[in-house]
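Written out below as structure tokens is the structure these notes cover.
Sequence lines set the chain letters: A, B, ... in the order given, protein chains first and strands last, and positions in each chain run from 1.
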Number of protein chains: 2
Amino acid sequence: MPLSPPDTLKPRKAPRQTRAAVTLDAIFEATIQVLLSEGERRLTTTRVAERAGVSVGTMYQYYPHKQALLYAVLQSHLTHISAAIEAACLTARGQGVTHMGELLVQTFLDTKIERLDVTKALYLIAEDLDTRSLLAATTERNVAAAASMLATASDARFENVQAVAFTLFSAIAGSTRIVFERGVSLPALKELRRELTLMCRSYLLNASLSAVASAERAHSVS
Amino acid sequence: MPLSPPDTLKPRKAPRQTRAAVTLDAIFEATIQVLLSEGERRLTTTRVAERAGVSVGTMYQYYPHKQALLYAVLQSHLTHISAAIEAACLTARGQGVTHMGELLVQTFLDTKIERLDVTKALYLIAEDLDTRSLLAATTERNVAAAASMLATASDARFENVQAVAFTLFSAIAGSTRIVFERGVSLPALKELRRELTLMCRSYLLNASLSAVASAERAHSVS
DNA sequence: CTAAGATATGAAGAATTCTTCAGTTTAGGG
DNA sequence: CCCTAAACTGAAGAATTCTTCATATCTTAG
């Protein structure tokens with residue numbers, strides 16, 4: 001479900017020729033670079049165009065205004081990630097929850113790191129009011145993929161898979177963001193992956209229905 | 001540690017008279033309201049002043065520019081939260097990790113909800129490059145408080161308390177943010193609290209040193 | 001090779017925003 | 001009550017940014 005943008009944010013036209021596609025790529029890339037080097041406040045259409053090596057007018061041929069461009073850049077990245085998650089979730093159907101949790105963490109982190117600059121740049125514009133619905137829809141999509149996978153787990157059954165999937169996803173995406181925003185070092189990354197994996201595994205095992213009984217038993221003892 | 005702002009973001013002067021303090025309060029409040037109703041892009045000094053019922057010049061008496069104002073607003077909120085967390089952490093020393101986890105989740109959520117409008121508004125400006133160090137320092141402070149508490153747990157010992165505390169905090173703060181940004185409903189909140197509590201408890205119990213052995217045993221069986 | 005459509009240009013007007021400061025008003029100690 | 005420091009005002013200049021469009025250049029089907 002690629003979710004078409006609201007009318008105001010729709011592109012004016014799609015590139016027909018190859019060179020136009022190349023130009024658009026350059027503009028996307030320039031957007032990222034300007035965001036990283038200048039910050040959101042100094043992200044202007046002129047600066048982007050200059051960095052992309054094209055004229056401002058060119059961008060306005062494809063997008064009616066800056067917002068629409070940003071929306072497109074963000075959407076492209078989010079779609080990429082969701083696709084990766086969906087693919088991964090399909091491979092793990094019927095497996096145990098430990099494997100599933102590990103896979104989710106792994107896939108999410110790998111995809112984010114793959115284009116670390118894009119990831120970091122987009123955190124800077126993700127809050128924009130215009131992008132709210134886009135973010136919400138993406139979350140929806142990722143949660144659906146995870147939930148559908150979790151429902152097939154060989155060693156667990158959940159009362160509310162949707163809620164579990166959502167919690168899992170929030171925790172992964174949320175803490176990843178916090179770590180990435182403070183600046184990622186290799187050791188920090190390894191630690192994040194390790195702890196996040198552990199956290200997901202623990203949570204999934206405990207959220208499973210069979211675990212509820214034993215947990216309550218344990219609790220009433222103390 | 002209130003962390004003094006970098007030179008460029010320092011206030012020009014502090015209010016001396018009561019009315020000045022009142023004015024500043026109004027300006028802070030107006031900043032939040034404008035952020036919520038207009039978004040970051042349309043947050044201008046003039047609009048803030050207008051909403052606060054004062055003249056633009058007034059704001060510039062206290063802050064050299066918009067950035068400094070935003071920094072102050074953000075700092076005030078973050079400080080408030082950190083203080084609450086630190087206080088809570090002190091009350092739980094020597095208790096079990098289940099209680100500790102629950103307390104952290106509870107305190108964090110309660111404090112965020114207490115001023116939900118402020119929380120939501122500040123998410124909109126938290127990404128600013130200028131606020132990076134502020135966010136980092138705050139995280140530091142919260143993690144330190146949590147770590148110090150966890151080290152006294154009656155029923156667990158951790159190899160790396162710092163890492164555990166950090167993971168815990170990231171998961172809580174990160175998923176809270178994701179939930180709050182998509183819009184908070186009462187049921188969504190209750191679910192967040194419930195699942196987050198469960199997740200923290202599971203994680204803490206499993207991250208404890210005594211758990212490592214049993215986990216490895218369980219793993220080698222399958 | 002050529003015409004039509006696609007793409008690119010960039011100067012310039014409109015709009016918005018930031019920030020200052022000279023002058024006015026207010027508070028509160030003596 | 002008076003005086004000084006503090007607080008407040010808001011018009012206006014400087015700076016930045018957005019967006020358009022008339023014009024020029026390129027691509028490619030036929």
Along DNA chain D (nearest heavy atom to each residue), the more 5'-positioned of B/S55 and B/K13: B/K13
Salt bridge or not between A/D130 and A/R132? Use side-chain N to carboxylate O under 4.0 Å. no
Between the side chains of B/S37 and B/R42, does any donor sit under 3.5 Å from an acceptor? no
With no hydrogens and no angle check, is any side-chain donor or acceptor of [X] less than 3.5 Å from a backbone partner on [Y]?
{"X": "A/S175", "Y": "B/G174", "answer": "no"}
{"X": "A/H80", "Y": "A/T111", "answer": "no"}
{"X": "A/T167", "Y": "A/A163", "answer": "yes"}

Rounded to the nearest Å, what distance is computed from the CE atom of residue B/M59 to the P atom of nucleotide D/dT9? 14 Å
Give the rounded distance in Å between these two atoms: CD1 of B/I27 and P of D/dA7. 12 Å
When you check every protein heavy atom under 4.0 Å of nucleotides 13-30 of chain D, what one-letter string (B, S, -) results, 5' to 3'? ----SSBB-----BS---
